[in-house]
Structure formats: C-alpha cells, structure tokens
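Note sheet for the following structure.
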Amino acid sequence: MNDLPELIELMYAVDTFYFLICGVLVMWMAAGFAMLEAGLVRSKNTAEILTKNVALFAIACTMYLLLGYYLMYSSSAGGILPNLGFLIGGENTVDAITSGEEGAPYYSMRADFFFQVVFVATAMSIVSGAVAERMKLWAFLAFAVVMTGVIYPTSGYWTWGGGWLSEVGYSDYAGSGIVHLAGAAAALAGVLVLGPRKGKYGKDGGIYAIPGANMPLATLGTFILWMGWFGFNGGSELKLSDAASANNVAQVFVNTNAAAAGGVIAALVLAKLWFRKADLTMALNGALAGLVAITADPLSPSALGAAMIGAMGGLIVVAAIVTLDKLKIDDPVGAISVHGVVGIWGVMVVPLTNGDASFGAQIIGVLGIFAWVFGASLVVWLILKAVMGIRVSEEEEYEGVDLAECGLEAYPEFSASKK
C-alpha cells in the first residue's frame with residue numbers, strides 16, 4: 001500500500017508523456033499538409049501556400065490559447081452556448097484542478113491543451129488547400145483567427161466539451177466530424193464565395209485539369225500525414241498506463257493503418273477502372289480518405305473491418321472529387337471530398353461496429369456541425385469579401401501569388417525568363 005502513491009505518480013507521468021508525444025505527431029501533420037498542398041499547386045503558388053500553412057498554425061495556437069480552449073472546455077455540460085464568464089473575470093474551470101487534488105485527471109491538463117491545440121490547427125489546414133491559388137493571403141489569415149478562436153471551439157464544445165451533441169449521444173472518437181467535417185464545411189463556404197481558378201472550367205462546360213507541380217512532394221506529405229494520424233487517433237484514447245488502455249491503443253494503431261491501406265487500394269483500383277490510369281493523386285487522396293473514415297471510431301472495428309471502412313472511403317473520395325468538379329466547385333487538393341464527404345461516411349458508419357452509437361444521434365451530429373461551421377464561415381467570408389476582398393486580381397493569379405503576396409518564388413531558378 002505504501003507504494004500506491006508512487007505508482008499513481010508513475011502512471012500520471014506515463015499518460016502525460018504519451019499524450020504529449022501524440023500531440024507532437026499531430027503537430028507533424030502540419031508539415032504533411034504543407035508538403036501535400038505545395039505538391040498539388042502550381043510552382044508559381046508554392047511559396048504562398050507554404051506561408052499560409054506556417055502562419056495558420058501559429059494563429060491557431062495563439063487563438064486557441066487566448067480564447068478557443070476556454071470556449072471549448074470551460075463550460076458546464078449541456079446547452080448550445082459555451083460559458084463566456086471567463087471573458088469578464090468569471091471562474092475558469094479549465095485549469096482548476098491539477099494532479100494530486102480530489103477529482104484530478106490522470107494526465108496534465110497542459111498536455112490536454114497541447115493535444116487539443118494541434119487538432120484545431122489541423123481543421124484550419126483543411127481550408128488552406130481548398131482555397132489555394134487564388135485567395136488573398138491576409139484575408140485567409142483573418143478567417144483563420146475567427147475559425148480557430150470561435151467557430152471550431154463552439155462546435156467542439158457541443159461534442160467533446162460536453163454540450164448538446166454530447167448529450168444526445170453523438171459519437172466521434174477522434175474527430176471525423178468534429179475536426180474533418182468542420183474544416184471541410186469552412187472550406188466549402190470559402191470556395192463558394194471565392195469561385196474557381198481561371199481556366200479550370202470552360203464556357204462550353206469543359207473541365208480542365210490543372211496539374212500540381214511536385215508529385216514527389218505531395219506523396220511525401222501524404223506519408224507524413226499517415227504517420228501523424230497514429231498520434232491523432234492513438235492519442236484520443238487519452239490513456240496508456242493500464243493493460244486495457246494499452247491494448248486499445250494498439251488496436252487503434254492497427255485499425256488506422258489498415259484503413260489507410262484499404263483507402264489506397266480501393267481508390268487506385270477505381271481510378272484504373274474509371275480513368276484507365278493508375279492516378280497517383282487519387283491514390284494519395286484514397287489514403288487520406290481511409291484515415292478520415294476510420295477516425296470517428298478506430299477502436300471498435302476489427303482490423304479487417306477497418307480496412308473495409310477505409311476502402312469504402314477510398315471509393316467515395318474518387319466519386320466525390322469527380323462530382324464536385326462537375327458542379328464547378330474548384331478544390332485544388334480535394335480537401336472537401338476527403339475531409340467532408342468521407343468525414344460524413346466515417347461518422348455514419350460508427351453504429352455498425354459500436355453498439356453504444358445510434359444512427360439518429362450521428363445524423364444530428366453531422367447536420368449540427370455542418371450547419372454551424374458552414375453558416376458561420378459563410379458569414380465571415382462574405383464580411384471579409386466586402387471589407388478587404390478575398391481574391392487576388394486576375395493578373396496576380398496569372399503571374400502566381402508567390403510574387404504578389406510573398407515577394408519571392410519557391411523555384412526562382414526555373415523562372416529566369418520572367419526577370
């Protein structure tokens with residue numbers, strides 16, 4: 001019995017360390033998004049998309065520190081509106097208890113903040129790729145302030161923060177809906193206000209491919225995201241220091257990997273059958289689709305079941321990318337399809353393997369998250385459009401936003417003729 005306090009402290013240290021390491025893996029996903037997007041845009045827009053990814057991560061971390069985390073977690077359970085009392089000096093429950101106190105958590109609350117802050121940055125990274133190549137940098141960063149400080153934390157409170165969606169029984173283990181659908185909804189609103197890139201859609205109704213500049217970079221980005229997803233899903237178990245939790249983490253890792261693999265295979269086969277070519281971009285998006293699909297519940301399915309869930313995500317993403325193109329919704333990296341359409345699939349498939357989830361609650365969750373994030377984002381995008389404009393000029397778009405927005409190029413040695 002005398003060893004019990006030391007054992008508790010050891011478990012606390014192990015769980016805190018595991019939580020932090022998983023947060024680092026999720027932070028590494030920022031590099032994955034940056035590389036993926038840099039590979040899928042044209043070379044003349046590379047420096048600007050990289051600037052977006054670095055800046056949005058910094059903004060997300062700062063806004064979540066100042067406001068977002070408290071909106072998401074300082075309220076009492078239930079309700080639609082988060083508790084705003086902390087803004088006027090009211091009690092803040094986020095850091096009210098620490099290790100050793102009665103009712104204390106089994107890991108450091110600062111580790112929890114670190115894990116959550118990289119999640120909000122992931123949601124914002126989804127927006128970046130969808131609006132690439134034609135959006136003003138500073139308009140995008142202004143949106144990032146609102147998205148990471150208010151929009152995402154509000155729907156996050158409804159779910160992980162104990163709000164009304166949590167009360168109706170909405171189940172989303174690591175965020176197929178809470179993170180990925182939310183990011184895609186914000187991206188869709190921005191794309192609709194922004195419009196397509198010049199030359200993407202012809203007056204005759206034709207759809208013209210605009211290839212990315214660097215497929216090796218896009219492939220590297222996908223592998224980085226695949227790796228980071230082990231922290232994304234594995235860390236959402238929240239605990240490692242007992243046998244049951246350790247087994248759960250192992251199952252989550254296996255299922256996450258199996259779903260990604262299933263997504264690649266299914267997307268690649270469908271692309272071959274549909275387009276008569278082994279389309280690399282579809283394979284990459286298939287991997288990400290498999291990962292998004294399993295994120296809502298990477299614990300309950302068997303490994304084979306996870307592979308099938310991921311494979312269906314891979315099929316869905318190919319069809320979604322083609323469909324959005326036909327609707328003239330221009331998404332250079334396929335983010336809306338990967339994170340939005342497949343995010344819905346991931347949420348809705350949960351009750352098939354998790355007896356505690358229901359289709360009714362999952363539908364309510366999808367509709368609630370999408371309606372809030374899309375509606376709020378649309379309002380913000382329209383305000384930004386009216387106040388400062390959100391789209392670069394036609395000439396700047398033709399020349400590339402690298403020079404217009406950043407004053408430099410990612411590959412200057414290949415554009416000497418412009419000098």
Side-chain angles (χ1 to χ4, degrees), residues 19-41 45-72 110-133 135-153 156 174-175 178-180 182-184 186-187 190 217-218 220-232 235 288 291-292 295 332-333 335 338-339 373 377 380 401-402 405-406 408 410:
F19 217 11
L20 290 171
I21 292 301
C22 285
V24 170
L25 282 172
V26 180
M27 184 271 170
W28 185 231
M29 291 174 69
F33 278 112
M35 295 301 97
L36 176 67
E37 294 169 19
L40 293 179
V41 300
N45 300 311
T46 306
E48 193 263 359
I49 201 73
L50 294 173
T51 304
K52 276 182 179 176
N53 276 273
V54 172
L56 77 84
F57 187 83
I59 289 171
C61 292
T62 303
M63 289 306 301
Y64 203 64
L65 176 66
L66 295 175
L67 179 62
Y69 187 59
Y70 301 104
L71 282 179
M72 195 161 168
R110 281 306 182 193
D112 179 73
F113 168 81
F114 180 72
F115 189 68
Q116 294 298 334
V117 76
V118 290
F119 269 57
V120 68
T122 297
M124 190 61 218
S125 294
I126 295 167
V127 183
S128 174
V131 300
E133 299 202 295
M135 171 165 278
K136 289 182 177 180
L137 173 63
W138 289 98
F140 173 83
L141 298 181
F143 177 79
V145 170
V146 184
M147 175 68 178
T148 58
V150 178
I151 297 175
Y152 170 87
I178 298 168
V179 179
H180 296 280
L217 207 57
L220 174 63
T222 301
F223 274 117
I224 291 173
L225 287 167
W226 192 328
M227 175 183 173
W229 230 287
F230 295 120
F232 200 96
L288 300 178
L291 290 162
V292 170
T295 293
V333 304
V338 169
H339 302 276
V373 178
S377 298
V380 175
V401 292
D402 281 4
E405 295 284 4
C406 302
L408 55 82

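Positions are given from 1, in the same order as the sequence printed here.
Separating the CG atom in L225 from the CZ atom in F33 is a distance of 5.0 Å, to the nearest 0.5 Å. For the atom pair E133 CD and L40 CG, the distance stands at 9.5 Å (nearest 0.5 Å). Interatomic distance, L217 CG to T46 OG1, rounded to the nearest 0.5 Å: 8.0 Å. Here the CZ atom belonging to F119 is positioned 10.0 Å from the OH atom belonging to Y64, to the nearest 0.5 angstrom.
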- Message: Before you tell me yes or no, could you show the steps for V179 and T295 under side-chain contact (heavy atoms from CB on, under 4.5 Å), namely the whole-Å CA-CA distance, both residues' side-chain angles and the distance that decides it to 0.1 Å?
- Response: CA-CA 10 Å; V179 179; T295 293; over 6 Å; no
- Item | side-chain contact (heavy atoms from CB on, under 4.5 Å) between L20 and F114, worked out | CA-CA 7 Å; L20 290 171; F114 180 72; 4.0 Å; yes
- side-chain contact (heavy atoms from CB on, under 4.5 Å) evaluation trace for L25 with W229: CA-CA 7 Å; L25 282 172; W229 230 287; over 6 Å; no
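At a threshold of 4.5 Å between non-hydrogen side-chain atoms, the residues V401 and L137 do not count as touching. Put simply, the side chain of F113 reaches to within 4.5 Å of the side chain of L65, judged on heavy atoms. Residues V26 and T122 are in side-chain contact: their nearest non-hydrogen atoms beyond the backbone lie under 4.5 Å apart. The side-chain heavy atoms of S377 and I151, taken from C-beta on, include a pair separated by under 4.5 Å. Residues M147 and V373 form a side-chain contact, since some pair of their non-hydrogen atoms from C-beta on lies under 4.5 Å apart. Contact annotation: the side chain of V120 never approaches that of Y69 to less than 4.5 Å [non-hydrogen atoms, C-beta and beyond].
Using cut-offs of 30° and 60° for the angle between ring planes, the F19 and F115 rings count as tilted. Classified by interplanar angle (parallel below 30°, tilted 30° to 60°, perpendicular above 60°), the ring pair F232/H180 is tilted.
Between T222 and L36, the shortest heavy-atom contact is OG1-CD1, 3.6 Å. I178 and Y152 get closest at one heavy-atom pair: O-CE1, 3.4 Å. In terms of heavy atoms, A132 sits closest to P332 at O-CG, 3.9 Å.
For the side-chain contact (heavy atoms from CB on, under 4.5 Å) test, residues two or more places apart in sequence or in another chain that qualify with A130 are A187, V191, D331, A335, I336. In terms of the side-chain hydrogen bond (donor to acceptor under 3.5 Å, both in side chains) criterion, residue partners of Q116 (sequence neighbours excluded) are, by chain and number, Y73.
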What pairs of donor and acceptor atoms, side-chain ones from residues 47-61 against any protein atom, are under 3.5 angstrom apart with sequence neighbours left out?
{"residue": "T51", "atom": "OG1", "partner": "A47", "partner atom": "O", "Å": "2.8"}
{"residue": "N53", "atom": "ND2", "partner": "E37", "partner atom": "OE1", "Å": "2.9"}
{"residue": "N53", "atom": "ND2", "partner": "I49", "partner atom": "O", "Å": "2.8"}

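Panel note: side chain S128, backbone M124; no donor-acceptor pair is recorded below 3.5 Å.
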